[in-house]
Amino acid sequence: MNWSDEKIEALLFREDLHIASFSHRAGAFLFDIFLVLGLTWSYLSVFYPHLATLNTIEAKIFWIQRFVFFYFILFILYDFFLMFFFGSTLGKVIFKLRVLSLASLDRPSLKILLARSLMKTLGEIAFFLPFIFVFDDRFLRAVYDKFLKTIVVSSG
């Protein structure tokens with residue numbers, strides 16, 4: 001089904017749903033990023049403590065590469081598993097947000113959640129450039145939300 005802005009607006013009005021504000025979406029996203037950054041730092045500190053004590057430039061580059069790699073892997077897993085099992089990440093719970101599929105107005109399917117997590121992470125890898133399109137959309141949807149036909153709404 002082709003979802004025009006008018007159809008989405010009518011659906012949201014009929015179901016009494018409200019679009020999440022930009023500040024809440026950004027706050028939830030930043031909370032999730034900093035949480036995963038902290039988890040990645042903790043993981044590397046516990047399982048690779050010898051990397052922090054090396055003083056050569058090659059060792060520092062290796063540590064940064066490992067950090068970035070584990071961060072992106074952990075972010076995909078964090079976003080996917082929390083969205084799949086609990087319906088929200090911790091940032092979305094704190095800011096009272098929900099991700100809904102436009103087709104069912106329920107939690108997105110497993111395939112959509114996995115694709116959403118991967119596309120969201122690829123957007124981070126691309127220096128957050130795909131997120132610029134949020135400002136151009138009437139419903140503040142990111143590129144992956146438009147493509148996967150999902151929407152972020154306020155739950156409170």
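Not measured: the values here are computed from a predicted model.
Annotation: salt bridge (Lys or Arg N to Asp or Glu O under 4.0 Å) contacts involving residues 24-47, sequence neighbours excluded, comprise Arg25-Asp145. For residues 125-141, every residue pair satisfying the side chain to side chain donor-acceptor pair (under 3.5 Å) rule, not counting sequence neighbours, is listed here: Glu9-Arg138, Asp137-Arg141. Annotation: side chain to side chain donor-acceptor pair (under 3.5 Å) contacts involving residues 94-106, sequence neighbours excluded, are absent. Judged as a ring-ring contact (aromatic ring centres under 6.0 Å, His included), the pairs with a partner in residues 87-131 (not counting sequence neighbours) are, in order, His24-Phe95, Phe29-Phe131, Phe128-Phe131, Phe131-Tyr144.
Residue Ile61 shares its hydrophobic cluster (ILVMFWY side chains chained together at separations under 4.5 Å) with Ile57. Taking a 4.5 Å side-chain heavy-atom cut-off between Ile, Leu, Val, Met, Phe, Trp and Tyr, the cluster of Phe133 extends to Val143.
Separation of atoms CD1 (Ile94) and CZ (Phe31) is listed at 3.5 Å; rounding is to 0.5 Å. Atoms CZ and OG, on Phe84 and Ser109 in that order, are 9.5 Å from each other to the nearest 0.5 Å. Going from atom OG of Ser154 over to atom CG of Leu97 covers 6.0 Å, rounded to the nearest 0.5 Å. Trp3 CH2 to Lys149 NZ: the interatomic distance, rounded to the nearest 0.5 Å, is 9.5 Å. Here the CD1-CZ distance, from Ile125 to Phe75, works out to 10.5 Å after rounding to the nearest 0.5 Å. Between Tyr71 atom OH and Phe67 atom CZ the span is 8.5 Å, to the nearest 0.5 Å.
The aromatic rings of Tyr43 and Phe47 sit tilted, their planes meeting at an angle between 30° and 60°. By the 30° and 60° cut-offs, the orientation of the rings of Phe81 relative to Phe85 is parallel.
Considering only residues two or more places apart in sequence or on other chains, Phe22 meets the ring-ring contact (aromatic ring centres under 6.0 Å, His included) condition with Phe135. Under the side chain to side chain contact (heavy atoms under 4.5 Å, CB included) criterion, Val99 pairs with Met83, Lys92, Pro108, Arg116, Thr150, Val152, not counting sequence neighbours. By the side chain to side chain contact (heavy atoms under 4.5 Å, CB included) test, Ser23 is found to be paired with Ser21, residues two or more places apart in sequence or in another chain being considered. Residues meeting the side chain to side chain contact (heavy atoms under 4.5 Å, CB included) test with Phe69, sequence neighbours left out: Ile73. Not a single side chain to side chain donor-acceptor pair (under 3.5 Å) links Thr40 to another residue, sequence neighbours left out. Every residue two or more places apart in sequence or in another chain that forms a side chain to side chain contact (heavy atoms under 4.5 Å, CB included) with Phe86 is listed here: Leu82.
Using a 4.5 Å heavy-atom cutoff, the side chains of Lys120 and Ser117 are not in contact. Thr89 places none of its side-chain heavy atoms less than 4.5 Å from the side chain of Leu35. Contact check for Leu39 versus Leu74: side-chain heavy atoms found under the 4.5 Å cut-off. For the pair Leu118/Leu114, a side-chain contact is recorded, criterion being any heavy-atom separation below 4.5 Å from C-beta on.
Across Leu113 and Phe80, no two heavy atoms sit closer than the pair C-CD1, 3.9 Å.
Note: the hydrophobic cluster containing Leu140 does not contain Val153 (ILVMFWY, side chain heavy atoms under 4.5 Å, direct or indirect links). Phe13 and Ile8 sit in two unconnected hydrophobic clusters of ILVMFWY residues. Membership requires side-chain heavy atoms under 4.5 Å apart, directly or through other members. Hydrophobic clustering of Ile, Leu, Val, Met, Phe, Trp and Tyr side chains at less than 4.5 Å, counting indirect connections, unites Phe34 with Ile64. At a threshold of 4.5 Å between side-chain heavy atoms, the hydrophobic network of Ile, Leu, Val, Met, Phe, Trp and Tyr places Val93 and Leu17 in two separate groups. No single ILVMFWY cluster, assembled from side-chain heavy atoms under 4.5 Å apart, contains both Val134 and Leu122.
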